[in-house]
Each structure stands twice: as structure tokens, then as C-alpha cells.
Protein chains: 2
Amino acid sequence: MGRWMPDAAGRLSRAALELYEERGFEDTMVAEIAERAGLTKRTFFRHFPDKREVLFPLSARIHEVIVDAMAAAPADRSPLAVVMEGYDAAVDMVNKGHAQARRRRAVIMANPELLERQLTKFAATSAAVTEALCERGVARRVAFLTAAAGAAAWRDARECWIEGPETQDLHALLRESVAELRSAVAAPLAR
Amino acid sequence: MGRWMPDAAGRLSRAALELYEERGFEDTMVAEIAERAGLTKRTFFRHFPDKREVLFPLSARIHEVIVDAMAAAPADRSPLAVVMEGYDAAVDMVNKGHAQARRRRAVIMANPELLERQLTKFAATSAAVTEALCERGVARRVAFLTAAAGAAAWRDARECWIEGPETQDLHALLRESVAELRSAVAAPLAR
DNA sequence: TATCCGATGACATTGAGTGTCATCACTAGG
DNA sequence: CCTAGTGATGACACTCAATGTCATCGGATA
């Protein structure tokens with residue numbers, strides 16, 4: 001057996017989610033999270049840069065998955081198609097954890113600081129997508145707007161998925177959201 | 001003459017921008033900002049909820065302007081047209097301060113915490129726009145996606161405006177961004 | 001004149017986040 | 001078997017953002 005219990009970051013992550021549910025984010029101190037995980041406050045900050053980040057342990061890997069899938073897309077696809085290819089790949093990472101996703105969502109929605117951090121996560125993904133498009137030769141401005149459209153569809157679909165039953169297909173929801181977005185953006189600007 | 005120097009919030013805002021430029025956000029302490037404004041740290045926090053918020057003094061009024069303009073739009077306009085009506089109204093508030101906008105942008109871009117707060121501001125505007133659309137009878141999901149599209153165009157246009165010469169017309173840039181977004185979203189999803 | 005109000009200062013306190021050094025099981029080289 | 005090194009952790013002190021509380025005092029009001 002190792003010198004320390006395994007998966008310190010995972011223990012911290014789980015303890016944090018539990019405590020944020022029990023007492024709320026504001027009324028939970030980092031020292032308490034660490035204690036429940038059998039560690040100290042100082043060690044918490046060796047695994048996570050701050051008290052908010054502990055709720056988003058997957059975001060780094062999601063970026064990789066999306067960017068990789070985009071890189072694998074055939075060269076003749078439209079920018080939007082490439083972006084959706086990326087998000088479709090991300091679906092498979094997220095798909096398993098419906099219950100988990102609901103718990104995290106409830107905690108996040110209850111606190112402005114956590115909502116703010118979640119926005120940063122969406123924006124970071126969007127920035128990675130923008131960059132990936134640029135590397136394919138898409139003009140920066142088009143890349144930014146396409147990434148923003150994809151992010152909007154992703155957020156919309158994810159919201160429906162979390163609110164609805166676990167059996168829903170996130171791929172299908174994503175296609176629906178894109179279709180809705182298309183018709184919304186195609187609407188006339190003047191009479 | 002009054003008992004205190006007038007416009008405490010404005011003095012704090014200006015002092016903060018100066019200090020963030022001189023030393024950077026991280027290395028500026030709230031007590032220093034307050035001192036330069038002739039006030040105390042405690043009074044800073046009576047005018048702004050935190051050290052980041054002091055860089056976004058106009059955002060609350062911008063929301064009002066946008067929502068009011070949307071409410072004034074004729075009932076037969078498409079959701080996207082209504083949203084653009086709102087942002088067009090916001091242009092006139094922002095248009096004057098090109099130099100100021102550049103200074104703030106430079107400070108914000110140099111610090112992750114400020115970028116995060118800026119995202120929250122864009123998101124708050126977007127949420128207000130979504131709500132205004134819902135009150136017009138637009139379905140929530142369509143409202144969200146349309147608001148997201150408008151926000152993307154707004155950010156894109158604003159970026160171009162700040163980077164370019166002061167003489168540029170932000171209204172025109174906004175129309176350009178919408179046109180770009182339209183063609184990007186209209187692209188085919190499959191071969 | 002007496003009273004209240006509203007912005008501010010003064011002071012104390014909490015808790016997030018960081019720097020620094022010690023600890024100690026495990027590992028590799030001799 | 002011994003020894004030096006490594007890496008995750010604990011212990012401790014410290015800074016600073018943010019908040020609660022009470023005192024102050026010029027001006028407005030009755």
C-alpha cells in the first residue's frame with residue numbers, strides 16, 4: 001500500500017461537492033473540505049488553484065477531446081460542421097454522469113461566484129475552438145463567431161439534457177439546438 | 001461646498017484604472033486605490049462590491065438602455081431584429097469613450113480575474129436580453145439562442161471597433177458582424 | 001434649537017490564498 | 001544493506017480582500 005491514500009484530487013472534489021450541497025458554497029471553508037478528504041488546507045491548494053475550480057475537474061480534458069476531434073475532421077467540412085464535430089465528441093465524455101451533472105448544476109446555480117467560473121469554462125472551451133478553427137485556415141473573425149454559435153448550441157442542449165430524463169440523447173438535442181439557432185439567426189432584421 | 005468632495009465612485013473608478021495600468025491589477029491594493037481617491041478602504045467597498053467591479057461602472061445602465069430599446073421595438077419585428085435594436089441603442093452610450101475603452105481593455109486583457117468578470121458582464125446583458133425576449137412572447141429556448149447570437153455579434157463588433165481607429169462607425173460594424181454570423185451559421189453541417 | 005440622516009472613518013475579524021521549511025515513505029545507485 | 005534523492009504532504013506564518021460594527025459630523029428638517 002502506498003504512503004498516502006490514492007486519488008487525493010478526487011477525494012477533495014467529492015468532499016467539496018458534498019459540503020457545497022450541505023451548507024452552501026459560501027458557508028463551506030476550504031479547511032473543512034480538506035478535513036473531510038483527510039488532508040489539509042495547504043494540500044487542497046496544491047491540487048486546485050482556488051475554492052471554485054474544484055467543481056470543474058473535467059474541463060481541461062474536455063478541451064483536449066474537442067480540439068482533437070476537430071483536428072480529425074475532413075478538410076472540406078464547413079467551420080460550423082467542424083465545431084459540431086468537436087462538441088459531439090465531448091458528448092460521450094459527459095453522457096455518463098447525468099446525476100452528477102445535476103448535482104453540480106444545482107450547486108453552481110445557487111452561487112454567483114460559481115456561475116462566474118462556469119462562464120469562464122465555457123469561454124475557455126470557446127477560445128480553444130476558435131483557435132482550432134484558425135489553425136484550419138478560417139479567418140479569425142469567422143472563427144470567433146462560429147465558435148460562439150457552437151457554444152450557444154452546446155449550452156442550450158446541455159441545459160435541456162440536464163433538466164430532462166437521463167434517457168435523452170444529447171447528440172440529438174445538440175442537433176435540435178443548432179437547428180433552432182439557424183432559424184433564429186436567419187430571421188429578417190427589418191420589416 | 002458640500003461636506004465631502006463630489007463623485008466618490010467616479011474618483012475611485014479613475015484611481016483604480018490608473019493604478020491597474022501603473023502596477024497591474026494584482027499588485028494594486030484596495031487601500032491604495034482609496035488613498036488616491038482621498039478615501040478609505042472601507043468606503044471603497046461601500047461603492048463597489050469588490051476590487052474587479054470598479055472597472056465596469058457603466059454595465060448596469062447599459063442593461064437598462066438595451067432593455068428599454070427592446071421594449072420600444074414594434075411588435076412585428078423578429079427576435080433577432082429586436083435584439084439588434086437593443087444593442088444599437090447601447091452603441092450610443094459606448095461610442096464616446098474610445099480612448100477610455102482601449103485603456104480598460106488593455107487592463108482587463110492582462111488579468112484573468114478581470115477577464116472572468118467581463119464575461120459575467122456580457123452574460124448578464126445576455127440574460128437581460130433573453131428575459132426581454134421572453135416577455136415579448138418568444139419561447140425561452142429561442143430567446144436564449146437569439147440573445148447568444150446578438151451577444152456574439154456585439155462582442156465581435158466591439159473588438160473590431162476598439163482595435164481600429166476612433167472614426168469607425170460601431171453601428172456599421174455591428175451590422176457587419178451579424179452578416180458574418182449569419183453566413184457562418186447557415187453553412188452546411190454535412191457534405 | 002433639537003433631531004435625524006447619510007456618507008464617511010476607525011477598528012476588529014474572518015477566511016482565501018501563498019511562501020517556506022520540515023517530514024517521511026519510497027526509489028535508485030553503490 | 002546503506003545512502004542520497006524524490007515527491008506528496010503537514011505545519012506555520014503571513015498578506016490581503018471583504019465584512020461587521022460603532023463613532024463622527026455636516027447638512028437637512030421639524
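Chain letters run A, B, ... following the sequence lines, proteins first and then strands; every chain starts at 1. Predicted model only: the values in this text are computed from it and were never measured.
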> Is the closest side-chain heavy-atom distance between B:Met84 and B:Met70 below 4.5 Å?
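They are not in side-chain contact.
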> So which nucleotide from D:dT24, D:dT9, C:dA10 ends up closest to the side chain of A:His47?
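Given the options D:dT24, D:dT9, C:dA10, the side chain of A:His47 is closest to D:dT9.
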> For a 4.5 angstrom cut-off between non-hydrogen side-chain atoms, does A:Thr146 reach A:Val138?
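Of all side-chain heavy-atom pairs linking A:Val138 with A:Thr146, none is under 4.5 Å.
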> Tell me: CH2 of A:Trp4 to C1' of D:dT6, nearest whole Å?
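Answer to the nearest Å: 10 Å.
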> Rounded to the nearest Å, what distance is computed from the CE atom of residue B:Met5 to the P atom of nucleotide D:dG26?
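That distance rounds to 17 Å.
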> Look at the side chain of B:Lys51 and decide which nucleotide, out of C:dG17, D:dC22, D:dA17, has an atom nearest to it.
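So the side chain of B:Lys51 is nearest to D:dA17.
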> Taking the nucleotide of DNA chain D with the closest heavy atom to each, which residue, B:Arg46 or B:Arg52, is nearer the 5' end?
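With B:Arg46 and B:Arg52 compared, the 5'-side residue is B:Arg52.
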> Could you please name the option among C:dA10, D:dA18, D:dT9 that lies closest to any side-chain atom of B:Phe45?
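Closest nucleotide among those given: D:dA18.
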> Charged N to carboxylate O under 4.0 angstrom, A:Glu163 versus A:Arg102?
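No.
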> Please state how far atom CZ in B:Phe48 lies from atom C1' in D:dA17, giving the value in whole angstrom units.
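My rounded result for the distance is 16 Å.
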> Go through C:dA16, D:dT9, D:dT24 for me and flag the one nearest to the B:Arg3 side chain.
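Out of C:dA16, D:dT9, D:dT24, the nucleotide with an atom closest to B:Arg3's side chain is D:dT24.
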> Check this for me: does any side-chain nitrogen of one of A:Glu53 and A:Lys121 sit under 4.0 Å from a carboxylate oxygen of the other?
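Looking at A:Glu53 and A:Lys121, the cut-off is met.
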> Within less than 4.0 Å of OP1 or OP2 of C:dG9, is there a side-chain N or O belonging to B:Thr43?
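Yes, B:Thr43 has a side-chain N/O under 4.0 Å of OP1/OP2 on C:dG9.
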> Atom NZ of A:Lys41 to atom P of C:dG17: distance rounded to whole Å?
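So the two atoms are 10 Å apart, to the nearest Å.
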> What nucleic acid atoms does B:Ala31 come within less than 4.0 Å of, heavy atoms only: base, sugar-phosphate, or nothing?
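Here B:Ala31 touches no strand at all.
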> Measure the distance from CZ on B:Arg117 to C1' on D:dA18 and round it to the nearest whole Å.
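Rounded to the whole Å, the gap is 13 Å.
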> Quickly work out the B:Glu32 CD to D:dA18 C1' distance and round it to whole Å.
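In whole Å, D:dA18 C1' and B:Glu32 CD are 17 Å from each other.
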> Among C:dT8, D:dA18, C:dC11, find the nucleotide with the atom closest to the side chain of B:Asp50.
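Selected nucleotide (nearest to the side chain): D:dA18.
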> Give the rounded distance in Å between these two atoms: CZ of A:Arg23 and P of C:dG15.
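Taking atom P of C:dG15 as the reference, CZ of A:Arg23 is at 11 Å.
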> Name the residue closer to the 5' end of DNA chain C, choosing between B:Arg11 and A:Met29 according to the nucleotide with the nearest heavy atom.
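Counting from the 5' end, the first nearest nucleotide belongs to B:Arg11.
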> Within this structure, what is the CD-to-C1' distance between B:Glu26 and C:dG19, rounded to whole angstrom?
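Taking CD of B:Glu26 and C1' of C:dG19, I get 15 Å after rounding.
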> When you get a sec, tell me which of C:dA16, C:dG9, D:dC12 is the closest nucleotide to the side chain of A:Arg42?
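In terms of side-chain proximity for A:Arg42, the closest of C:dA16, C:dG9, D:dC12 is D:dC12.
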> Give the ring-plane orientation class for A:Phe25 versus A:Tyr20, where under 30° counts as parallel, over 60° as perpendicular and anything between as tilted.
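A:Phe25 and A:Tyr20: perpendicular rings.
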